[in-house]
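Please read the structure below before turning to the comments.
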There are 2 protein chains.
Amino acid sequence: MDTHPPWSYCRTTLTRPYSQCALSKRFTSLESWMVTLAEVAQHAGVSASTVSYVLSGKRSISATTRHRVEQSIRELGYHPNAGARALASSRSNIIALMIPLRTDMYVPVMMEIAIAVATTARTHGYDVLLLTGEEGPDAVRRVTGSGLADAMILMDVELDDERLPLLRDTDQPSVLIGLPADTSGLTCVDLDFRATGALCVEHLAMLGHRDIAVIGEAPAVYERHTGFAERTLDGLRSRAQELGARLLHRPCEGGYDAMAVTLARIFDERPGTTGFVVQNESAVEPLLALLRQQGRAVPEDVSVVAICPDQVAVQASVRLTSVSIPAQEMGRHAVEHLVAKLDGRGEDEVVLIAPELTVRTSSGPAAS
Amino acid sequence: MDTHPPWSYCRTTLTRPYSQCALSKRFTSLESWMVTLAEVAQHAGVSASTVSYVLSGKRSISATTRHRVEQSIRELGYHPNAGARALASSRSNIIALMIPLRTDMYVPVMMEIAIAVATTARTHGYDVLLLTGEEGPDAVRRVTGSGLADAMILMDVELDDERLPLLRDTDQPSVLIGLPADTSGLTCVDLDFRATGALCVEHLAMLGHRDIAVIGEAPAVYERHTGFAERTLDGLRSRAQELGARLLHRPCEGGYDAMAVTLARIFDERPGTTGFVVQNESAVEPLLALLRQQGRAVPEDVSVVAICPDQVAVQASVRLTSVSIPAQEMGRHAVEHLVAKLDGRGEDEVVLIAPELTVRTSSGPAAS
DNA sequence: ATAGGTTGTCGAAGCGCTTCGACAGCGATT
DNA sequence: AATCGCTGTCGAAGCGCTTCGACAACCTAT
């Protein structure tokens with residue numbers, strides 16, 4: 001052990017009454033050495049505020065000074081301390097992302113959104129805090145109350161979500177991915193599921209299909225009043241009516257066994273069914289397998305349209321005609337809206353992304 | 001507009017030279033009112049430090065005082081300011097989680113790990129910061145340098161990962177999910193993929209299968225030197241040799257078309273193949289469909305063992321015999337190790353979770 | 001009664017940063 | 001030559017919290 005008095009370790013001549021012990025602590029403790037603004041300032045021979053202004057660009061700084069400071073920052077490997085910055089500026093530069101706990105649906109989509117949110121946030125200088133739905137409304141309180149995050153993004157919003165009043169109350173910007181019943185005072189981003197439903201029916205109807213079955217999400221999803229499922233159904237039904245097609249909607253858990261039961265019931269009730277719309281990813285492959293097994297060829301005998309990420313549509317055993325879920329776009333849009341709001345731009349708005357149907361090889365003209 | 005002088009808005013009698021304008025600002029700005037420690041202290045009639053000690057429990061406080069303070073906290077809806085706390089204590093109470101950018105493998109597993117990490121972290125009072133691999137090693141520097149997080153968890157670690165030297169250098173605790181080539185000075189958690197491979201072969205060999213085909217991950221995964229793929233293969237091969245089984249390993253992109261090609265080649269080369277080990281989730285269902293299509297019954301003619309999450313194994317068109325990937329356990333373990341380290345307990349260690357094989361209906365005795 | 005040890009509370013300093021007002025220095029304007 | 005406005009820089013205060021040392025008040029052994 002070293003017996004030098006602690007102050008002999010001082011690297012700087014700054015007067016820091018407390019920090020002499022702090023300094024010596026740094027060499028023995030587990031904390032790695034942190035370079036501070038003041039040290040950069042000293043190294044560059046300027047004041048701390050100057051360094052701060054170089055960093056933030058909030059005041060003009062001469063080119064020479066700026067370069068000197070930047071040089072020092074690089075040499076010392078300086079990184080501003082996040083806590084101090086947050087305290088002084090009351091901005092954490094963090095966006096909270098609240099994802100649902102359950103993994104019963106849309107896992108790849110959620111992941112894609114999360115990744116899009118994280119990468120987009122970084123390009124704007126923000127980090128992302130991951131919250132699970134578990135805490136419920138308390139998480140909203142905690143985050144807004146503690147200044148942990150500057151803004152939040154909520155996924156898997158239910159029609160009458162209990163977190164909404166809190167969001168309306170706070171002045172912290174937020175974006176919902178999904179569409180609640182009452183959107184007043186809120187910003188939402190979602191696929192236009194109503195138009196999606198309409199588009200699917202339209203595609204099948206135009207191909208001459210009159211009896212169309214809809215394989216929906218698991219019953220739990222409808223019970224939970226997740227808006228998108230109901231809106232899709234709404235779009236499907238109204239367009240079907242307009243076009244004179246008969247629609248049969250059946251929720252389905254997904255998986256092979258559940259799909260088998262559901263499919264049997266469908267053909268039982270409507271033997272002439274030739275068109276399928278599938279909204280549940282985990283029912284897609286089982287459906288195709290079962291149809292094949294029953295000797296119904298896709299797309300010769302029956303047509304299938306899926307609502308799913310492109311990756312699923314392409315990797316399936318039949319390349320699926322599908323409306324894709326624009327996960328990346330939603331994530332990116334949500335972040336960009338928040339950043340705009342944090343910069344004082346941007347208004348509350350509801351953005352419904354127009355669906356796009358890609359025709360692949362799972363749909364074709366109805367046999368006549 | 002109100003014309004009262006700003007100080008008439010003062011809710012408290014604290015002497016806060018600056019805060020009079022701060023106070024008036026609060027009523028006009030977008031920031032929602034934030035309750036501070038000092039206000040709680042005043043409301044409870046104690047000093048700020050007392051409130052702090054009530055919160056942290058680091059000094060004994062009389063029951064009466066504690067209750068009074070807790071009451072005030074509740075009444076005022078106080079939440080400690082995260083930035084201030086981080087600054088003063090040099091602890092952010094945040095754990096960084098670095099997830100891979102690519103979505104070419106294991107998406108559900110990653111999601112499950114992320115959720116397990118987030119919920120476990122919360123039970124220990126930590127929040128989770130989501131980083132994507134995009135930034136690469138810089139993210140490590142940024143996070144450790146800025147004190148944004150107290151610790152980090154890295155997923156998708158490659159055998160010779162460029163982030164590792166940085167982790168060894170820093171004194172910030174970290175856990176890898178995955179196993180690099182050199183684990184010295186690091187803590188890692190992973191499924192014992194070597195044992196997993198061995199277990200799969202063993203199961204098939206015991207059932208009498210002599211010709212076993214392995215449907216591996218996409219070629220890119222092997223090229224990237226992700227440890228788990230190679231370790232699995234290693235386990236498969238050595239156990240196969242011990243038990244005198246013939247092994248044929250073929251990487252596979254996943255999806256129906258790629259699987260069809262791969263399968264054709266396998267039967268071409270080893271027509272007598274009766275056992276399959278599948279490591280690529282997105283190849284599972286295509287494989288089953290193709291086998292069915294070729295008139296090979298599972299498990300009567302061929303047996304299939306998968307390495308995948310239980311959910312996939314159960315939802316497949318045949319209930320799959322499988323070794324499950326303990327995503328939750330890994331996530332939970334990683335967090336708990338970090339928390340232990342942050343509390344001054346805990347050592348570097350490599351934890352390999354023992355694989356468990358669940359027999360379902362996709363495997364049975366080889367036809368003789 | 002006194003010394004010694006607890007226990008519970010307070011005051012003050014400081015964490016590293018941002019930001020405001022002050023002002024020196026300078027060229028441009030009268 | 002005196003004045004005005006810039007531009008670039010600095011000093012100081014404060015963000016809300018933690019933590020350390022100080023110290024009353026009490027309790028126990030002498």
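Chain identifiers are assigned alphabetically (A, B, ...) following the order of the sequence lines, protein sequences preceding nucleic acid strands; residue numbering begins at 1 within each chain. Note that these values count all heavy atoms, side chains included, but never hydrogens, waters or copies made by symmetry.
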Please evaluate the base of [N] for a donor-acceptor partner in the side chain of [X] within a cut-off of under 3.5 Å?
X       : N      : value
B/Ser47 : C/dG11 : no
B/Arg59 : D/dT19 : no
B/Tyr53 : D/dC17 : no
A/Ser49 : D/dG11 : yes

Exercise. Is it true that B/Arg122 and A/Glu134 make a salt bridge, defined as a side-chain N closer than 4.0 Å to a carboxylate O?
Worked result: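 Looking at A/Glu134 together with B/Arg122, the answer is no, because their closest N to O distance does not fall below 4.0 Å.
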Exercise. Would you call A/Lys341 and A/Asp171 a salt bridge, using N to O less than 4.0 angstrom?
Worked result: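 A salt bridge is absent here (no side-chain N lies under 4.0 Å from a carboxylate O).
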Exercise. Of the nucleotides C/dT7, D/dT19, C/dC17, which one has an atom closest to the side chain of B/Ser89?
Worked result: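 That would be D/dT19.
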For this session: Just compare C/dG16, D/dC17, D/dG8 and give me whichever is closest to any side-chain atom of A/Thr36.
Result: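 The nucleotide sitting nearest to the side chain is C/dG16.
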Interatomic distance where [atom1] belongs to [X] and [atom2] belongs to [N] [whole Å]:
X       : N      : atom1 : atom2 : answer
A/Leu55 : C/dG16 : CG    : P     : 16 Å
B/Glu39 : D/dG16 : CD    : C1'   : 10 Å
A/His67 : D/dG8  : NE2   : P     : 13 Å
A/Lys58 : D/dG8  : NZ    : P     : 18 Å
A/Met34 : C/dG16 : CE    : P     : 7 Å
B/Gln42 : C/dC10 : CD    : P     : 13 Å
A/Arg85 : D/dC17 : CZ    : P     : 21 Å
B/Leu37 : C/dC15 : CG    : P     : 19 Å

For this session: Examine D/dC15: is either OP1 or OP2 under 4.0 Å from a nitrogen or oxygen in the side chain of A/Ser90? Give yes or no.
Result: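 Answer is no, no contact under 4.0 Å.
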For this session: Decide yes or no for B/Asp150 and B/Ile94: does some side-chain heavy atom of the first lie under 4.5 Å from some side-chain heavy atom of the second?
Result: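 When only atoms from C-beta onward are counted, B/Ile94 and B/Asp150 do not touch, as no gap falls below 4.5 Å.
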Exercise. Just wondering, do A/Cys188 and A/Pro180 contact through their side chains at under 4.5 Å, heavy atoms?
Worked result: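 Answer yes - side chains close enough.
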Problem set entry | Shortest non-hydrogen contact between B/Ile113 and B/Gly331, atoms and distance |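 Distance-wise, the nearest heavy atoms are CG2-CA, 4.1 Å.
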Exercise. How is B/Ser52 classified with respect to the nucleic acid when contacts are heavy atoms under 4.0 Å: base, sugar-phosphate, or nothing?
Worked result: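 Counting heavy atoms under 4.0 Å across all strands, the contact made by B/Ser52 includes a base.
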For this session: Pick base, sugar-phosphate or nothing for A/Leu87, based on heavy-atom distances below 4.0 Å to the nucleic acid.
Result: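 It contacts base atoms.
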For this session: Using the closest heavy atom to pick a nucleotide of DNA chain C for each, name whichever of B/Gly45 or B/Ala84 lands nearer the 5' end.
Result: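 Taking each residue's closest nucleotide, the earlier one in sequence belongs to B/Gly45.
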